[in-house]
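Remarks on the structure that follows.
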Amino acid sequence: MDIAITGSSGLIGSALTDGLRAQGHRVLRVVRRRSQHPASDEALWDPETGTIDAAALEGIDAVVHLAGEGIGEKRWTPGQKDRIRTSRTRGTALLASTLAALDRPPKRLLSGSAIGIYGDTGQRATDETGRVGTGFLPDLCVEWEAA
């Protein structure tokens with residue numbers, strides 16, 4: 001399969017990229033790194049400006065979307081919360097609208113979200129049917145999934 005991955009340099013994305021390649025899949029890394037000459041396994045995008053190399057995604061079998069500002073590296077100031085939110089909502093909206101407009105869109109789009117949607121559950125077991133929590137992370141997840 002031909003699989004595109006956003007967030008391919010992150011913790012999960014890099015392991016997924018390596019694992020998929022080891023299984024014989026072709027991986028296209030969707031990267032923000034600005035380069036005049038991207039590597040042959042890269043497609044450029046910039047969610048902040050709304051640009052993406054749509055042609056590189058044409059005919060891809062699946063897309064795994066893992067990109068977003070890290071939530072654990074910096075203090076959650078109002079500015080950092082905004083960067084966390086917009087990196088997820090803009091990136092997801094750009095990717096989804098681009099894929100939907102392709103002549104040969106992927107058959108699958110898998111988009112990472114977060115367990116943070118449930119908020120603080122204490123000792124209560126929670127699965128996908130659990131109620132949405134309150135606060136920054138649950139609100140972020142709802143906006144992210146809506147995008």
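- Atoms OG1 and CD, on Thr92 and Glu143 in that order, are 11.5 Å from each other to the nearest 0.5 Å.
- The structure places CZ of Arg108 at 13.5 Å from CG of Leu99, a figure rounded to the nearest 0.5 Å.
- In this structure, a donor-acceptor pair under 3.5 Å is absent between the side chains of Trp144 and Ser113.
- For the pair Leu16/Ile3, no side-chain contact is recorded, criterion being any heavy-atom separation below 4.5 Å from C-beta on.
- Scanning all heavy atoms of the two residues, the minimum distance from Pro106 to Val63 falls at CG-CG2, 3.8 Å.
- Counting Ile, Leu, Val, Met, Phe, Trp and Tyr side chains that sit under 4.5 Å apart, directly or through other members, Trp76 shares a hydrophobic cluster with Ile71, Ile84, Phe136, Leu137, Leu140.
- Salt bridge absent: Lys81 and Asp139 never bring a charged side-chain N and a carboxylate O closer than 4.0 Å.
- A donor-acceptor pair under 3.5 Å is formed between the side chain of Ser97 and the backbone N or O of Leu94.
- Between the side chain of Glu58 and the main chain of Asp103, a donor-acceptor pair closer than 3.5 Å is present.
- A distance-only check finds no donor-acceptor pair linking the side chain of His65 to the backbone of Thr6 [under 3.5 Å].
- Note that the CG atom of Leu57 and the CG atom of Asp2 stand 11.0 Å from one another [nearest 0.5 Å].
- In this structure, the side chain of Asp46 does not engage the main chain of Arg32 through any donor-acceptor pair within 3.5 Å.
- With sequence neighbours excluded, no residue forms a side chain to side chain donor-acceptor pair (under 3.5 Å) with Ser14.
- Taking each heavy atom of Gly133 and Pro138 in turn, the nearest pair found is O-CB, 3.3 Å.
- Under the 4.5 Å side-chain heavy-atom criterion for ILVMFWY residues, no single connected hydrophobic cluster contains both Leu95 and Leu110.
- Enclosure of atom CZ in Arg75 is not indicated, since only 12 or fewer non-hydrogen atoms of other residues, nucleotides or ligands lie within 6.0 angstrom.
- Here the CG atom belonging to Leu102 is positioned 9.5 Å from the CD1 atom belonging to Ile60, to the nearest 0.5 angstrom.
- The two atoms that bring Gly91 and Pro47 nearest to each other are CA-CB, 3.7 Å, heavy atoms only.
- Panel note: side chain Ser87, backbone Glu69; a donor-acceptor pair is recorded below 3.5 Å.
- Once rounded to the nearest 0.5 Å, the distance linking CD1 of Ile117 with OG1 of Thr126 reads 11.5 Å.
- In this structure, CD on Gln80 lies 8.5 Å from CD on Glu73, to the nearest 0.5 angstrom.
- Under the side-chain contact (heavy atoms from CB on, under 4.5 Å) test applied with Thr17, the options Leu28, Ile12, Val64, Ile5 reduce to a single match, Ile5.
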